[in-house]
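Below is one structure, written out as structure tokens; comments come after it.
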Amino acid sequence: MTPQALKQLHQLIASTNSVRLSHTAAELPKHPHNEALPVLVIDHPIASAKCLLHGAQLLSFSPKGDSDWLWVSPVAALRHNAAIRGGIPICFPWFGPHKEDPSKPKHGFARQSEWQLEDIQSHTNAISLTFRLNYTGNRPDLHTQPFRIECQYTLGKTLTIGCYIHNTSKTEQSFSYAFHSYFAIGDLGRTQVKGLDSLTYLDNTQQQQAQKQSGDIGFTQEVDRLFPRVDPDQQLISTLPKRAINLYSPDQKSCIVWNPGKDLAQKMPDISMHYNEFVCIERGNIEENTIKLLPNQSHKSLLTISNPIK
């Protein structure tokens, strides 16, 4: 972080008594051997949260009186050059393997980049933090054209994520993205995802064969389903303990539901035996919904995550 960026960060934090700067070694004591990455700790009368500057990645969120909605693996690698398993990583400027060069980072490089905190707005019923990644094209081995992406988290009784993408280059660009949300659950076998019945999905456990969803999604083995086009609402229902998470976005047309299951998780050192503790429901725009922007053109989307039974 440059001295100017650090000064701006401290000035923004000083503007509210609801945010302080800490580091992952202090806030995530289960990870004592990893790098101490800067983390913003939000303690507002309405909600609590933790967010990394690394990837602008939300690590935790809970309205006051509720348990954490998000999950971070207790065996995650917390390093600058690693994707961090848990919270809400931002997959951008592409999702999955790069279409033309699979050697490039899976899910893009935004989640492994340092973002800047641009603004904090604290109100009676919520607090919002705006992060910016201004890519100048200085790493042509990753991406040749400049762009700007902003992410705004509004933390209150619900969590709203605003995504703003701007093509700052002189040529048309294509972007795909997803908010790779890891939701904490009590028991995978007592968890279902609703709102996708009868929709077509690509099954990543079957070489992306097209299938039709029948009923709600349960979890008895690996699930990796990409729904190219979905309705605005999906729900995560877990009965032990009782939990309901609702995702709503008319702007983000795609949805991915994922859990590695026991067999694959044993081969993933940053999950291992903890596969039973989370389900990913990711919203974004990928595949046929990839965003194409002309020079100076922008794209905006909103995702609202709520707990309707609270």
Side-chain angles (χ1 to χ4, degrees), residues 46-47 49 58 60-72 86-91 95 126 153-163 177-205 211-261 275-287 289 301-310:
I46 298 297
L58 200 63
S60 69
F61 168 75
S62 58
K64 287 300 175 70
D66 202 351
S67 59
D68 203 330
W69 294 9
L70 303 178
W71 176 84
V72 175
I88 306 182
I90 302 172
C91 303
F95 180 86
Y153 297 112
T154 300
L155 313 165
K157 292 184 178 180
T158 64
L159 168 61
T160 299
I161 305 174
C163 178
Y177 67 94
F179 291 92
H180 198 316
S181 306
Y182 290 77
F183 293 107
I185 58 171
D187 186 341
L188 189 64
R190 303 190 185 198
T191 300
Q192 295 179 315
V193 175
K194 300 178 177 290
L196 298 165
D197 182 31
S198 301
L199 299 182
T200 298
Y201 67 89
L202 304 179
D203 192 338
N204 284 322
T205 70
Q211 309 279 357
K212 187 175 182 179
Q213 179 63 37
S214 178
D216 301 330
I217 300 177
F219 300 89
T220 57
Q221 57 187 355
E222 179 186 1
V223 172
D224 192 352
R225 301 179 184 179
L226 190 165
F227 294 81
R229 187 167 291 275
V230 299
D231 295 329
D233 281 287
Q234 291 80 43
Q235 299 82 37
L236 172 68
I237 305 296
S238 185
T239 58
L240 187 67
K242 189 175 182 181
R243 161 149 289 183
I245 298 292
N246 187 79
L247 293 89
Y248 174 80
S249 179
D251 311 309
Q252 298 174 9
K253 308 294 186 182
S254 308
C255 181
I256 303 95
V257 178
W258 179 70
N259 180 279
Y275 71 95
N276 198 46
E277 301 170 3
F278 75 93
V279 165
C280 286
I281 307 178
E282 311 163 41
R283 292 296 303 270
N285 284 304
I286 61 179
E287 296 295 335
N289 301 310
S301 70
L302 291 175
L303 168 64
T304 300
I305 303 173
S306 60
N307 181 357
I309 66 171
K310 187 64 181 174

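The shortest heavy-atom contact between Ser67 and Ser62 is O-CB, 3.5 Å. A pairwise comparison of heavy atoms in Gly156 and Ala47 identifies O-CB, 3.5 Å as the closest pair. In this structure, Cys280 and His180 approach most closely via the heavy-atom pair SG-CE1, 3.5 Å.
In terms of the salt bridge (charged side-chain N to carboxylate O under 4.0 Å, His left out) criterion, residue partners of Glu287 (sequence neighbours excluded) are, by chain and number, Lys99. Scanning for side-chain hydrogen bond (donor to acceptor under 3.5 Å, both in side chains) contacts around Ser254 gives Asn289, with sequence neighbours left out. For Asp233, the salt bridge (charged side-chain N to carboxylate O under 4.0 Å, His left out) criterion is met by no residue, not counting sequence neighbours.
For the atom pair CD of Gln192 and OG of Ser238, the computed distance is 10.0 Å after rounding to the nearest 0.5 Å. Note that CG of Leu202 is 10.5 Å distant from CG of Asp224, once rounded to the nearest 0.5 Å. With rounding to the nearest 0.5 angstrom, the CD1 atom of Ile90 is 9.0 Å from the CG atom of Leu58. To the nearest 0.5 angstrom, Gln213 atom CD is 10.0 Å from Asp203 atom CG. Between atom NZ of residue Lys212 and atom CG of residue Asp197 there is a gap of 8.5 Å, rounded to the nearest 0.5 Å. Within the model, atoms CD of Glu282 and CG of Leu247 stand 10.5 Å from one another, a figure rounded to the nearest 0.5 Å.
Between the Asn259 side chain and the Val223 main chain, no donor and acceptor come within less than 3.5 Å of each other. Between the side chain of Arg283 and the backbone N or O of Gln252, at least one donor-acceptor pair lies under 3.5 Å. The backbone N or O of Thr160 sits nowhere less than 3.5 Å from a side-chain atom of Thr304 that would complete a donor-acceptor pair. For Asp251 (side chain) and Leu303 (main-chain N/O), no donor-acceptor pair under 3.5 Å exists by modelled atom type. Formation of a donor-acceptor pair under 3.5 Å by the Asp68 side chain with backbone atoms of Phe61 is found in this model.
For Asp187 and Arg243, the salt-bridge test fails: no basic side-chain N is under 4.0 Å from an acidic carboxylate O.
Between Ile161 and Ile88, some side-chain heavy-atom pair lies under the 4.5 Å cut-off. Looking at heavy atoms from C-beta onward, Phe278 lies in side-chain contact with Pro260 at the 4.5 angstrom threshold. Annotation: side chain of Ile256 is in contact with side chain of Ile286 (closest heavy-atom distance under 4.5 Å). Contact check for Asp231 versus Leu196: no side-chain heavy atoms found under the 4.5 Å cut-off. For the pair Asn276 and Phe219, the minimum side-chain heavy-atom distance is 4.5 Å or more. Residues Ser306 and Asn246 have side chains in contact (heavy-atom distance under 4.5 Å, counting atoms from C-beta outward). Two residues are said to be in side-chain contact when any heavy atoms from C-beta on lie closer than 4.5 Å; Leu70 and Tyr182 fail this criterion. Proximity of Ser301 to Tyr177: side-chain heavy atoms (C-beta onward) are separated by under 4.5 Å at one or more points.
Screening Trp69, Phe179, Tyr248 against Ile305 for a side-chain contact (heavy atoms from CB on, under 4.5 Å) leaves a single residue, Trp69.
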